[in-house]
Amino acid sequence: MSVVAAPNPSHGTAEAGFNLPSDGTVTLNLLSLDGRVVKVWNLGELQAGSHVARLSLNDQSSGLYFLVLVQVSNGVSGAPALFKLAVIQ
């Protein structure tokens, strides 16, 4: 499982591309550098394969963040995928 975001740095919106190894419930979390969750996108049930999610970053301050992809399949959470994202406002 992997996640990337473009453009990076981002201004206003970004697109997160990710691949899922199996069907499951997907969440993207935006974390500050100190590990605080500052925004959550619940993407719901998705099938295995490639996906793109459009992310609004208009309410985020400029800075560095971590974009974390979490997938739960059959009640089991897999290892999260991590991507460093810069936001410029």
(message) In this structure, would V38 and L31 fall into the same cluster of hydrophobic residues linked by side-chain contacts under 4.5 Å?
(response) no

(message) For the backbone of P7 and the side chain of H11, can you confirm whether one donor and one acceptor N or O come within less than 3.5 Å of each other?
(response) no

(message) Check for me, please, whether V40 and F66 land in the same ILVMFWY cluster - side-chain distances under 4.5 Å, paths through other members count.
(response) yes

(message) Given 3.5 Å as the limit, does a donor-acceptor pair link the side chain of D34 with the main chain of R36, or not?
(response) yes

(request) Answer yes or no: does atom CD of E45 have more than 12 heavy-atom neighbours from other residues, nucleotides or ligands under 6.0 Å? (result) yes

(message) If I take atom CH2 from residue W41 and atom CG from residue L28, how far apart are they, to the nearest 0.5 angstrom?
(response) 7.0 Å

(message) Please say yes or no: joined through hydrophobic side-chain contacts below 4.5 Å, possibly via intermediate residues, are L69 and L33 part of one cluster?
(response) no

(message) So, taking the atom named CG in L57 and the one named OH in Y65, what distance separates them when rounded to the nearest 0.5 Å?
(response) 8.5 Å

(message) Please report the interatomic distance OG(S22) to CG(L46), rounded to the nearest 0.5 Å.
(response) 11.0 Å

(request) Decide yes or no for S61 and V87: does some side-chain heavy atom of the first lie under 4.5 Å from some side-chain heavy atom of the second? (result) no

(request) Answer with yes or no whether the side chains of T13 and S56 bring together a donor and an acceptor at under 3.5 Å. (result) no

(request) Just do the side chain to side chain contact (heavy atoms under 4.5 Å, CB included) check on N8 and F83 with the steps written out, would you? (result) CA-CA 10 Å; N8 191 15; F83 183 80; 3.5 Å; yes

(request) For residues A86 and L64, report the shortest heavy-atom separation together with the two atoms involved. (result) CB-CD2, 3.7 Å

(message) For residues V26 and V52: do they belong to one hydrophobic cluster (side chain heavy atoms under 4.5 Å, members Ile, Leu, Val, Met, Phe, Trp, Tyr)?
(response) no

(request) Kindly work out whether a path of hydrophobic side-chain contacts (I/L/V/M/F/W/Y, heavy atoms less than 4.5 Å apart) joins L43 to V70. (result) no

(message) Less than 4.5 Å apart, side chain to side chain, heavy atoms only: is that true for L67 and L55?
(response) yes

(message) I'd like to check V3 versus V68 (side-chain heavy atoms, cut-off strictly below 4.5 Å). Are they in contact?
(response) no

(request) Determine, step by step, whether L20 and D23 satisfy the side chain to side chain contact (heavy atoms under 4.5 Å, CB included) criterion, reporting the C-alpha distance in whole Å, the side-chain angles of both residues, the deciding distance to 0.1 Å, and the verdict. (result) CA-CA 7 Å; L20 301 177; D23 298 354; over 6 Å; no

(message) Please find the pair of heavy atoms, one from L30 and one from Q60, that lie closest to each other, and give the distance.
(response) CD2-CG, 3.8 Å

(request) Mind listing the closest non-hydrogen atom pair of Q71 and S73 along with its distance? (result) NE2-OG, 3.3 Å

(request) Might you point out which heavy atoms bring S10 and A14 nearest each other, and give the distance in Å? (result) OG-CB, 3.3 Å

(message) Within the 4.5 Å heavy-atom criterion, are P9 and I88 side-chain neighbours or not?
(response) yes

